[in-house]
Amino acid sequence: MEGGLGQNSVPSSSSFDKSTVLDVKPLRCMLPIFPMSSQGPSSGQYPSGFAPFFPFGGPQESHAWTDPDQDTPPSGVTLNVPMPTPLRSFRSPIASTPPKHRALRGSSSRSSKRKTQQSQESLMDLSSVVGISPAQRADGNREVVNLVLMEFDALRRRISQLADAGEFVSGVTKRGDLKSGNVLMTAGIRTNMNKRVGAVPGVEIGDIFFFRMELCVVGLHAQSMGGIDSLTIKDGLEEEPLAVSIVSSYEYDDHADDDDVLIYSGQSGNFGKRDRVACDQKLQGGNLALERSSRRHNEVRVIRGMKDTANPSAKIYVYDGLYKIQDSWIEKGKHGSVVFKYKLVRMPRQRSAFSVWKSVEKWKTDSSSRTGLILSDLSSGAESVPVPLVNDVDHERLPGGFTYFHSLRYPKPVSLMQSSNGCNCTKPCVPGDLNCSCIRRNEGDLPYTGNGILVSRKSLVHECGPTCRCFPNCKNRVSQMGLKHAFEVFKTSDRGWGLRSWDPIRAGSFISEYAGEVIDKGNLHQNEELAMKDEHAFNTNQIYPPFKWNHTPQLLEEVSSNDSSEDYDIPSPLVISAKECGNVARFMNHSCSPNVFWQPVVYEENNQSFLHIAFFSLKHIPPMTELTYDYGVSHSDRAEGSGIPSGRKKCLCGSSKCRGSFG
DNA sequence: GCCTACTCACTTCC
DNA sequence: CGGAAGTGAGTAGG
């Protein structure tokens with residue numbers, strides 16, 4: 001803010017509408033001197049048309065908050081001296097490997113200013129490594145948004161993995177979400193830094209997020225904790241704040257009966273805060289911005305915080321599009337203090353997002369309320385969760401006959417190529433325990449985070465299997481624990497049957513394995529030919545376009561970066577036919593911009609190791625979004641000229657990156 | 001440019 | 001499972 005105007009005036013009061021302010025009492029917080037007068041705003045709703053807000057509340061009051069005894073520390077001393085972090089107790093009995101990983105880069109230490117600066121500069125270089133230009137940092141698009149989110153979660157997963165393994169040095173084991181966000185922000189791996197009113201390029205209505213930092217790095221909502229984000233506009237000489245986005249939380253009693261309406265409470269007032277005395281909210285900061293936005297009728301982005309049913313202590317954020325503030329008033333909160341209320345109404349002709357969640361809620365309590373329901377469980381109980389079959393586009397009743405089976409069937413006993421009998425752990429396997437043969441095969445890592453999220457793509461993931469002695473609750477059995485989401489098989493408008501989920505899916509989640517009969521004619525060529533003819537075949541020997549999913553190692557100062565290849569490395573080619581028998585995976589369609597990828601997984605059964613194909617989510621997937629993976633390109637058909645080579649299908653994925661055909 | 005206050009986080013521990 | 005407490009990060013404003 002410029003300091004040149006009116007030296008004696010309080011800066012933010014320059015925008016006051018004085019005609020309004022003169023005849024009202026200020027709204028105050030913790031007011032020992034000016035108790036709320038009886039003429040002050042009363043509780044209850046104001047009649048519409050009456051301007052309920054009183055622009056007041058400037059910095060002149062703020063001294064009431066400051067504690068004169070609170071002194072700033074002498075220069076040169078910082079309050080944020082990193083404390084040594086004790087080893088987590090559950091790790092201590094394990095002989096852990098010496099830490100091969102160093103502290104995170106980024107601005108975690110404030111003790112050395114210059115060092116931080118250098119670190120920032122070198123991190124800035126990295127944004128080009130990741131592929132973000134300065135222009136893209138300012139204004140994004142779908143591709144950049146996806147790239148930034150991918151990098152965020154990859155880094156967060158890796159930090160989580162290191163924390164699980166107890167491999168961090170000083171004090172950075174907690175809050176991988178904040179740390180990852182901080183590193184990315186420092187490195188310039190972010191987008192839409194230009195604050196704006198209205199839509200954010202590259203962020204689509206319905207997109208879901210699992211951390212507030214994700215909203216920050218894509219520029220949807222720049223406050224890491226604050227619920228109201230605003231920008232300051234210049235209107236002549238006046239500056240005024242406008243709200244650009246809000247985050248609503250179910251904890252805040254924000255609900256309305258209509259899915260397109262949101263009743264939002266203003267910020268501060270210690271509403272619902274522990275250990276604090278509730279007090280009146282003031283018309284400043286975010287509240288003032290909302291009030292200004294209500295007068296100017298500008299669009300406000302709404303992000304709804306939802307309870308994550310899979311993990312009740314966590315939250316999921318749903319971008320629900322643009323709203324306008326239709327009404328605002330003052331209420332008395334539970335403790336008798338003043339609370340600002342805003343009624344936001346969703347703008348018409350936007351694709352549905354939050355309302356989809358509400359529909360799913362209904363279907364979950366009563367699946368017959370799902371329109372177009374044909375079968376309540378296509379798996380006939382083979383899965384622990386029912387798999388509904390739905391068609392609300394035409395009259396086709398059933399996908400072609402097949403038997404539901406959840407895993408692989410081998411046509412004949414497999415020759416004993418290599419005999420092995422799994423690990424001998426007498427408890428759940430732990431990362432870093434090189435006595436565990438499974439962990440050792442994974443280069444000392446547990447490939448999954450504690451909640452079963454795949455950390456990195458690997459050439460091959462070694463899971464513990466039925467032959468392993470470790471506890472069945474070992475974290476290294478993710479692909480064997482069955483479906484974790486409420487999937488539905490549905491009829492698409494133009495690509496036959498497809499698969500989607502009623503539940504939100506976070507990046508790296510296990511979707512399903514590719515079940516079916518293993519084709520083994522003893523001859524690679526014959527297997528390939530069968531695979532070509534079989535619409536429901538999965539063939540590891542296709543050419544799969546490479547893509548990056550793992551974190552950028554340079555963003556972490558890892559001495560020996562566990563920079564494993566993202567290329568597949570399969571012991572021997574595998575062809576699986578799901579024509580006669582299979583599971584939900586046989587319904588996944590192809591896309592050139594998929595949201596699911598496959599990962600070879602191997603584990604031991606009956607003293608032999610078997611290869612399986614496991615699918616994981618590539619990114620966060622909102623409910624009711626079709627699940628797709630890249631079918632790859634057949635060797636025999638590659639490098640053909642124009643047109644669609646025989647044996648391939650015209651691609652209808654609609655992606656901007658579409659190759660035109662697949663198979 | 002540094003510092004501090006403010007905030008509808010998130011995890012872990014009990 | 002529910003609540004409490006601790007440890008946090010970006011941004012605005014001084």
Side-chain angles (χ1 to χ4, degrees), chain A residues 1-3 10-12 29 58-60 62-67 70-73 75-80 82-83 85 88-90 106-108 110 113 116-117 156 160 163-164 171-186 190 193 195 209-217 219 221-232 239 241 244-255 262-276 281-282 284-290 302-306 308 311-317 339-340 342 450-451:
Chain A
M1 185 177 288
E2 306 297 322
V10 181
S12 70
C29 211
Q60 71 269 30
S62 65
H63 63 74
W65 290 92
T66 58
D67 182 357
Q70 190 73 38
D71 218 339
T72 51
S75 60
V77 178
T78 69
L79 293 170
N80 295 327
M83 298 303 246
T85 309
R88 294 151 62 104
S89 55
F90 71 85
S107 56
S108 53
R110 292 173 197 188
K113 216 181 295 173
T116 303
Q117 204 122 39
R156 192 198 57 77
S160 170
D164 286 349
V172 278
T173 55
K174 290 172 187 162
R175 298 302 303 270
D177 58 323
L178 295 185
K179 210 39 89 172
S180 175
N182 172 251
V183 170
L184 259 56
M185 297 284 249
T186 312
R190 56 186 298 187
M193 281 182 78
K195 267 197 188 179
F209 305 87
F210 286 76
F211 295 96
R212 287 286 300 263
M213 288 305 289
E214 292 182 311
L215 307 178
C216 294
V217 292
H221 185 86
Q223 304 295 328
S224 63
M225 294 177 81
I228 305 165
D229 195 15
S230 59
L231 57 70
T232 306
E239 287 191 338
V244 293
S245 57
I246 59 167
V247 178
S248 158
S249 167
Y250 55 87
E251 286 156 4
Y252 262 71
D253 190 25
D254 286 344
H255 298 298
L262 175 68
I263 308 298
Y264 192 80
S265 307
Q267 67 182 194
S268 83
N270 297 330
F271 178 72
K273 290 278 172 58
R274 60 166 185 244
D275 206 32
R276 285 225 183 142
Q281 294 186 342
K282 292 190 286 187
Q284 61 183 32
N287 298 345
L288 182 62
L290 283 172
V302 168
I303 299 113
R304 295 194 184 239
M306 313 287 294
D308 182 357
N311 181 9
S313 70
K315 230 180 264 181
I316 302 178
Y317 299 95
V339 176
F340 293 129
Y342 305 85
N451 49 359

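With distances taken from any side-chain atom of A:K315 to the nucleotides C:dG10, B:dA9, C:dG8, the minimum falls on B:dA9. Closest to the A:N182 side chain, of the nucleotides B:dT7, B:dC10, C:dA9, is C:dA9.
Taking the side chain to side chain donor-acceptor pair (under 3.5 Å) definition, one finds that A:N451 meets it with A:T449, sequence neighbours left out. Shown here are the side chain to side chain contact (heavy atoms under 4.5 Å, CB included) partners of A:S245, two or more places apart in sequence or in another chain: A:H221, A:D229, A:R301, A:I303. With sequence neighbours excluded, the residues satisfying side chain to side chain contact (heavy atoms under 4.5 Å, CB included) with A:L178 are A:R175, A:M213. In this structure, the side chain to side chain donor-acceptor pair (under 3.5 Å) partners of A:S313, at least two apart in sequence or on a different chain, are A:N311. Every residue two or more places apart in sequence or in another chain that forms a side chain to side chain contact (heavy atoms under 4.5 Å, CB included) with A:M193 is listed here: A:R137, A:R190.
Distance, A:M213 CE to B:dT7 C1': 14 Å, rounded to whole Å. Here B:dT11 presents its C1' atom at 15 Å from NZ of A:K179, a figure rounded to the nearest Å. Taking atom CZ of A:R156 as the reference point, atom C1' of C:dA9 lies 16 Å away to the nearest angstrom. Between the C1' atom of B:dC8 and the CZ atom of A:R304 lies a distance of 14 Å, rounded to the nearest Å. The interatomic distance linking A:R212 (CZ) with B:dT11 (C1') rounds to 16 Å, in whole Å. Rounded to an integer number of Å, the gap from CG of A:N287 to C1' of B:dT7 is 11 Å. Here B:dC8 presents its C1' atom at 11 Å from CD of A:Q281, a figure rounded to the nearest Å. A:D308 has its CG atom 13 Å from the C1' atom of B:dC10, to the nearest Å.
Contact between the side-chain N/O atoms of A:Y342 and the OP1/OP2 oxygens of B:dC8 is not found at any separation under 4.0 Å. Taking side-chain N and O atoms only, A:Y317 has no distance below 4.0 Å to OP1 or OP2 of B:dC8.
Residue-to-nucleotide proximity on DNA chain C shows that, of A:P312 and A:K195, the 5′-proximal contact is made by A:P312. Comparing A:M225 and A:N311 against DNA chain B, the residue whose closest nucleotide sits nearer the 5' end is A:M225. In terms of position on DNA chain C, the residue among A:C216 and A:T232 whose nearest nucleotide sits closer to the 5' end is A:C216.
Atom OH of A:Y342 and atom CG of A:L290 lie 5.0 Å apart (nearest 0.5 Å).
With pairs defined as Watson-Crick or G-U wobble and both atom distances under 3.5 Å, the stems of at least three pairs that touch DNA chain B come out as B:2-7 with C:9-14, B:9-14 with C:2-7.
No side-chain heavy atom of A:F210 sits under 4.5 Å from any side-chain heavy atom of A:D177.
Nearest heavy-atom pair, A:V247 versus A:Y264, reported as atom, atom and distance to 0.1 Å: O-OH, 3.1 Å.
Residue A:G227 is classed as a sugar-phosphate contact, given heavy-atom separations below 4.0 Å to backbone atoms only. Nucleic acid contact for A:D229: none, since no nucleic acid atom lies under 4.0 Å from a heavy atom of the residue.
For A:R175 against B:dA9, a side-chain-to-base donor-acceptor contact under 3.5 Å is present.
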